[in-house]
Amino acid sequence: DLSATSAGVSPTAFDFESTMIHELFHAVGFLSTIDQNGADPFGQGTTNAGDWGPFDQYVGNSSGILINGTTFQNNAAAYSSAVVGGAGSSGLGFWGPNAMAANGGQPVWLYTPTSFEDGSSGSHLDDEFAPYNFVMEASTNTGPGLRTLSPQEIGILKDIGYTNIVPEPSSSVLVLLGGLLLGHRRRP
């Protein structure tokens, strides 16, 4: 089950099931494909229309969403200054209406360290900006991990198109995803 934390995980081991839940949500679209320079995965989107995933269409800096919903171009200058903006409102946020409603009307801040981390920057929630404690943070500690999505994380899933969110994935799906690791770093 998706209990709040994992029982029986050694304090010196990483929680496999918690990690697989995290990676499963990357696999269903909880990730940004915006590159460090603001381009899409095909190198487009800074001077012409880009090919963005649903998550990317809600990514923005402290002023709001950066991908133009009409031209599908990214405001690359604003993106590049925020992508390494550091914690909280100086970096990037997720501006989806459901996520913001669950976060008191504020964007949910994304992980944007001062040095861009390919595969991690913009694709995780900010674990350097308190008081967050999310499954989709950029790093994890040893010992029991989180297994329950927060209202903000559920809001993000709704914003990217999921309407019927069932909080209990099959254990066999988690095992099948055992080899899928998308830039989830471990805390020292």
Side-chain angles (χ1 to χ4, degrees), residues 14 18-46 50-62 64-67 72 74-76 78-96 98-100 102-103 106-129 132-141 145-147 149-162 165 169 174 177-187:
F14 287 98
S18 176
T19 300
M20 289 302 98
I21 291 168
H22 172 101
E23 298 306 335
L24 173 66
F25 285 105
H26 280 312
V28 299
F30 198 117
L31 75 158
S32 176
T33 58
I34 304 173
D35 199 2
Q36 182 174 3
N37 67 358
D40 71 5
F42 309 103
Q44 303 296 315
T46 57
D51 188 11
W52 310 108
F55 189 95
D56 294 327
Q57 295 179 43
Y58 293 104
V59 172
N61 64 8
S62 61
I65 298 170
L66 295 176
I67 295 176
F72 292 97
N74 186 9
N75 181 346
Y79 177 84
S80 61
S81 66
V83 73
V84 291
S89 62
S90 60
L92 294 174
F94 188 88
W95 288 76
N98 291 298
M100 289 178 63
N103 200 39
Q106 299 298 311
V108 180
W109 298 110
L110 301 174
Y111 178 66
T112 51
T114 54
S115 294
F116 185 79
E117 294 178 17
D118 196 25
S120 193
S121 291
S123 292
H124 293 100
L125 300 180
D126 193 347
D127 54 5
E128 297 177 1
F129 187 67
Y132 293 164
N133 194 19
F134 296 134
V135 170
M136 296 308 296
E137 289 181 353
S139 63
T140 188
N141 291 316
L146 292 172
R147 296 182 179 191
L149 294 176
S150 68
Q152 293 92 332
E153 291 164 312
I154 291 171
I156 289 172
L157 290 172
K158 288 178 181 178
D159 288 329
I160 65 174
Y162 292 93
I165 300 170
L174 294 175
L177 290 171
L180 178 65
L181 296 173
L182 296 172
H184 189 62
R185 64 185 171 89
R186 295 181 173 142
R187 290 187 179 131

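These values consider heavy atoms only, across backbone and side chains, with no hydrogens, waters or symmetry-generated copies. All residue numbers refer to positions in the sequence shown, counting from 1.
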Side chain to side chain donor-acceptor pair (under 3.5 Å) against [X], all qualifying residues, sequence neighbours excluded:
X	result
T46	none
Q106	none
D159	N98
E153	S150

How long is the gap from [atom1] on [X] to [atom2] on [Y], to the nearest 0.5 Å?
X	Y	atom1	atom2	result
L110	W95	CG	CH2	11.5 Å
I21	R147	CD1	CZ	6.0 Å
F134	L125	CZ	CG	5.5 Å

Using ring pair (Phe, Tyr, Trp, His ring centres under 6.0 Å) as the criterion, list what pairs up with F55, not counting sequence neighbours.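 F55: ring pair (Phe, Tyr, Trp, His ring centres under 6.0 Å) contacts with F30, F94.
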
Can you find a heavy atom in the side chain of [X] that is under 4.5 Å from one in the side chain of [Y]?
X	Y	value
S121	Q36	no
Y58	I65	yes
H26	H124	yes
D51	T33	no

Of all heavy-atom pairs between A102 and P151, which one has the smallest distance, and what is that distance?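 Heavy atoms of A102 and P151 come nearest at CB-O, 3.5 Å.
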
Not counting sequence neighbours, which residues clear side chain to side chain contact (heavy atoms under 4.5 Å, CB included) with W52? List them please.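 I34, D40, D56, Q57, I67, F72, N74.
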
Check the pair F116, D35 against side-chain contact (heavy atoms from CB on, under 4.5 Å), reporting the backbone distance first and the verdict last. CA-CA 9 Å; F116 185 79; D35 199 2; 4.2 Å; yes

